[in-house]
Structures are given as C-alpha cells and as structure tokens.
Amino acid sequence: MGTRESNERAGGTGRRALLGAAVLGACGPVLAPGGTARAADARHGGGRGLKSLPVPTIIGHRGASGHRPEHTLGAYQLALDMGADIVEAGDLVPTRDGHLVCRHEPEIGGTTDVADHPEFAGRRTTKTLDGASVTGWFTEDFTLAELKRLRAVERIPANRPHNTLYDGRWEIPTFEEVLRWQDEQTRRRGKQVWIYPELKHPTYFRGLGLGLEERVAELLRRHGKDGRNAPVVLQSFEPTSVERLNKLVDNPLVVLLSGATTRPWDFVETGDPRTVADLVTRRGLREIAGYAQGIGPTLDLVIPRDAAGRLTEPTTLVRDAHRAGLILHPYTLRNENPFLPADFRKGADPDAYGDVFGAYRAYFATGIDGVFTDHPDTGLLAREDFVNG
C-alpha cells in the first residue's frame with residue numbers, strides 16, 4: 001500500500017514483543033457487527049471463512065514491518081508471534097520468467113541489496129509506472145534465480161534504523177513459498193493462519209504480458225486455497241483486477257481505496273472518469289458488493305482530518321458499506337507520531353509513540369471490521385482493551 005512511513009523507536013522492539021506475548025492466545029470478547037462489545041459474540045477461530053475472524057481483525061501490514069524489513073519471512077513470522085490475526089504476506093509482483101514474488105513495489109532498489117551487485121548494474125533503468133517516472137531495478141527484468149541472489153534490506157533506514165540490523169538476513173520470498181509457509185505455521189500453531197496478499201499494478205503488468213490474476217489463481221488452485229472459505233484474502237487498488245479475480249477464484253476479495261479525489265489506474269487507462277469518491281457512494285458500494293466481499297479504505301475515508309491533522313466527524317462509509325454487505329479493513333494505523341492524527345501525538349519527536357491506543361479506540365468505535373497495522377502487538381492489545389471496555 002502506498003502510504004507514508006514512520007520512524008522505529010529505538011529499543012522498542014523488545015518491549016512490544018513482550019506485550020504481544022502477553023496477549024497471545026487471548027480469546028476475549030470482540031465487537032459485534034454493530035460495534036458493541038459482546039462476549040457471546042466472540043469469534044476467535046470459530047465458524048468458517050471470514051466469519052471465523054475476530055472483530056476488529058488485526059492485520060500485520062507487510063508482516064511486522066515496524067520491526068523487521070517488510071515482506072520477508074522474518075517479518076511475517078514476527079507478525080504471527082505478536083498475535084496478528086492475518087498477515088499481509090505478499091505484495092505480489094512478477095519476475096521475467098513469470099514467478100510471483102513478494103515486494104512492496106516492482107522497483108527493488110530500496111528493498112534489496114541489488115545496488116551492491118555489479119553484475120546487475122546494467123539493469124538499472126527508468127520506466128513509467130502508473131503514470132509516474134521511476135528509476136531503479138525492476139522485478140520483471142530479473143529471473144527468479146537472479147532475484148534469489150539478492151537479500152532484503154530495510155526500505156526506510158533513516159526512519160527505522162533498528163530494522164537495518166536485519167539487512168541481508170532474508171531473501172525475497174515467492175508467493176508459493178508463502179503458501180507453504182502458511183501451511184507449516186498452521187500445523188505448528190494448531191490454528192489456521194490467514195494471509196492477505198495484494199496484486200500490485202495489475203494493469204501495468206498485463207501490458208507486459210505478465211498478467212497477475214491468472215498466476216495467482218493457478219497457484220491457489222494448486223495449493224487448494226481457491227475456495228470461498230479459504231484463508232487467503234485477495235486485494236487490489238484496481239477494481240477491474242478484483243472483478244477478474246472474481247471470475248477465476250472464490251476467495252474473499254477486497255477493493256483497496258486511496259484518497260477520495262484519486263482515480264484507480266485501471267480507470268485512468270480505460271477512460272473511466274470516476275474517482276474513489278464515486279466508489280464510496282451507496283451506489284458505488286453496491287456495485288463493488290457485486291464482485292467483492294470488502295473494501296480497504298485509507299483511514300481518512302473513515303474519519304477525515306482537518307487542516308491541522310486532527311480527526312473530525314466520522315463519515316457514513318462504515319454504515320453504508322455494512323448495509324451493502326461489505327466488510328471494511330482500513331489502512332494503516334501506526335504507533336509513531338508522524339502517522340497518528342494530531343490529537344494523539346505526544347511531543348514533536350518523530351521517533352516517539354503517541355497515544356496510539358486512543359487512536360485505535362476512535363477508529364474501532366466507528367465499527368470497522370479490522371485494521372492494517374505495522375505493529376500487530378499494539379493493535380492486539382488495543383483490541384482487547386477496547387472490547388473489554
């Protein structure tokens with residue numbers, strides 16, 4: 001997801017890991033669909049499909065990306081250890097030979113050590129990606145074997161210096177490796193592990209002859225995870241990509257929504273004049289409900305901020321989406337001051353944590369079904385605190 005990043009607080013990882021460990025396995029009451037806490041409505045592990053998830057669901061954004069380099073098996077593993085209900089294991093992009101790998105973007109200059117490999121210096125190039133000029137190294141110019149020679153690094157070392165301790169530890173995972181890891185973790189933990197991969201820039205890659213949807217569907221079918229109750233939620237910022245997926249698999253599907261004035265890139269390419277503001281109307285939500293089970297709006301679509309960065313009144317999006325039969329998993333709630341609404345920041349230190357629990361309560365009170373977070377342990381503690389009053 002294309003969101004601004006935050007600072008990693010020095011020395012905070014151990015403290016947060018202990019907090020997460022304290023609540024692992026907790027089965028407290030969860031929010032009922034209307035937003036009230038009801039112990040009898042707890043749904044940890046019960047039922048099937050999406051209904052088996054607790055509400056609000058805590059989704060580890062790119063793993064535990066506040067603690068480890070994102071989209072590595074280490075980040076995914078830590079997210080589970082911290083108690084995440086779902087791990088966003090995979091922003092999916094293709095290699096030249098058609099394999100799907102997990103990277104935040106196809107440009108990998110900032111997330112791998114590719115610049116340190118002189119044999120790949122000639123691969124550095126400039127491309128136009130969804131209308132923007134981007135310079136670097138791109139996954140579609142490498143075979144899988146070549147990418148496996150690289151190692152992951154922290155994408156924003158100036159903001160998360162602690163994460164650089166793990167630079168070079170993990171290679172780039174493939175989506176198939178993630179599916180096997182999911183099975184392994186499910187067996188080890190004795191409960192179903194969920195993942196929430198995103199298809200990145202599907203229109204761009206389809207234009208290169210590297211369509212994502214068919215590749216994702218084929219892998220899910222191969223691993224028996226293409227059903228309605230499968231523990232794999234698929235998401236994309238491009239509605240037509242989600243529509244295509246709906247014809248290929250029965251998995252839960254989610255349309256991601258950026259700022260109200262933005263247009264999905266597939267709309268730009270096809271000349272569709274609608275913006276996100278059109279998609280979050282009652283009519284737009286009913287249309288989405290015809291091919292998806294949920295939406296992933298940016299938090300500002302749930303509670304807008306004023307010019308000073310303070311929260312204003314919630315919109316009707318949660319109510320309208322629920323009336324259309326859609327779940328809402330907004331993104332991304334983070335602990336660090338720069339990302340919190342001004343109401344909940346503490347001091348001016350960008351590395352410091354603000355009143356993240358107050359922020360969680362504000363968003364949870366709207367009745368959202370879950371939230372993406374870089375710090376799954378904090379989200380889990382906030383959920384338990386919120387639903388228990």
Side-chain angles (χ1 to χ4, degrees), residues 1 3-9 12 15-24 26-38 41-44 53-67 79 82-88 196 296-305 309-315 317-318 321-322 327-347 352-389:
M1 294 179 182
T3 53
R4 191 177 154 209
E5 293 295 341
S6 58
N7 298 339
E8 174 73 1
R9 186 176 188 177
R15 180 181 66 83
R16 290 192 299 270
L18 289 173
L19 289 174
V23 292
L24 283 176
C27 293
V30 298
L31 282 183
T36 57
R38 299 178 184 174
D41 207 37
R43 301 189 296 186
H44 294 257
L53 294 168
V55 179
T57 298
I58 303 303
I59 304 162
H61 183 228
R62 306 174 195 158
S65 55
H67 310 268
M82 288 181 166
D85 303 304
I86 309 180
V87 180
E88 191 194 25
Y196 208 134
T298 182
L299 287 167
D300 287 347
L301 292 175
V302 177
I303 309 180
R305 304 187 197 189
R310 296 181 177 275
L311 294 184
T312 60
E313 290 298 312
T315 68
L317 179 58
V318 175
H322 284 166
I327 59 171
L328 292 91
H329 292 159
Y331 65 93
T332 306
L333 217 162
R334 309 179 187 189
N335 296 11
E336 296 89 353
N337 265 334
F339 301 110
L340 291 170
D343 324 48
F344 303 107
R345 298 171 192 159
K346 291 185 178 180
Y353 291 170
D355 179 16
V356 68
F357 291 102
Y360 271 109
R361 290 188 189 98
Y363 289 108
F364 287 170
T366 66
I368 59 174
D369 302 281
V371 68
F372 285 83
T373 176
D374 289 6
H375 306 274
D377 53 344
T378 306
L380 183 61
L381 286 170
R383 180 184 69 197
E384 299 301 321
D385 176 68
F386 180 78
V387 300
N388 284 296

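Keep in mind that the numbers below use all heavy atoms, side chains included, and drop hydrogens, waters and symmetry copies.
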Of all the heavy-atom pairs spanning [X] and [Y], show the shortest one and how long it is.
X	Y	value
P297	L328	CG-CD2, 4.3 Å
D343	G309	OD1-O, 4.0 Å
D85	P56	OD2-O, 4.2 Å
L333	T373	O-OG1, 2.8 Å
P376	A84	CB-CB, 3.9 Å
P54	R383	CG-NH1, 3.3 Å

When you look at L301 and T298, which way does the side-chain contact (heavy atoms from CB on, under 4.5 Å) test go after all the steps?
-> CA-CA 6 Å; L301 292 175; T298 182; 3.7 Å; yes
Output yes when a side-chain donor or acceptor of D369 lies under 3.5 Å from a complementary backbone atom of V55, and no otherwise.
->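 No.
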Using modelled atom types only, decide if a donor and an acceptor are shared between the side chain of T332 and the backbone of F372 within a distance under 3.5 Å.
->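 Flag not set: sc T332 to bb F372 has no pair under 3.5 Å.
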When rounded to the nearest 0.5 angstrom, what distance separates [atom1] in [X] from [atom2] in [Y]?
X	Y	atom1	atom2	result
T315	I303	OG1	CD1	8.5 Å
I58	L53	CD1	CG	11.0 Å
T366	L299	OG1	CG	9.0 Å
Y196	R62	OH	CZ	14.5 Å
H322	L317	NE2	CG	9.0 Å

Mind running side-chain contact (heavy atoms from CB on, under 4.5 Å) on D355 and L340 for me, showing each step along the way?
-> CA-CA 8 Å; D355 179 16; L340 291 170; over 6 Å; no
Decide ring pair (Phe, Tyr, Trp, His ring centres under 6.0 Å) for H67 and H375; before the verdict, give the C-alpha distance in whole Å, the side-chain angles of both, and the deciding distance to 0.1 Å.
-> CA-CA 8 Å; H67 310 268; H375 306 274; 5.1 Å; yes
List in chain and number order the residues that pass side chain to side chain contact (heavy atoms under 4.5 Å, CB included) with D385, two or more places apart in sequence or in another chain; answer none if no residue qualifies.
->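 Side chain to side chain contact (heavy atoms under 4.5 Å, CB included) list for D385, sorted by chain: R361.
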Excluding sequence neighbours, so at least two apart, what forms ring pair (Phe, Tyr, Trp, His ring centres under 6.0 Å) with Y360?
->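 Y360 satisfies ring pair (Phe, Tyr, Trp, His ring centres under 6.0 Å) with F364 only.
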Where do T57 and I86 land on the side-chain contact (heavy atoms from CB on, under 4.5 Å) test, with the steps shown first?
-> CA-CA 8 Å; T57 298; I86 309 180; 3.8 Å; yes
Step by step, would you call I59 with V371 a side-chain contact (heavy atoms from CB on, under 4.5 Å)?
-> CA-CA 6 Å; I59 304 162; V371 68; over 6 Å; no
Name all residues meeting the side-chain hydrogen bond (donor to acceptor under 3.5 Å, both in side chains) criterion together with R305; count only those two or more places apart in sequence or in a different chain, and write none if there are none.
->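 If we apply the side-chain hydrogen bond (donor to acceptor under 3.5 Å, both in side chains) test to R305, skipping adjacent residues, the hits are D300.
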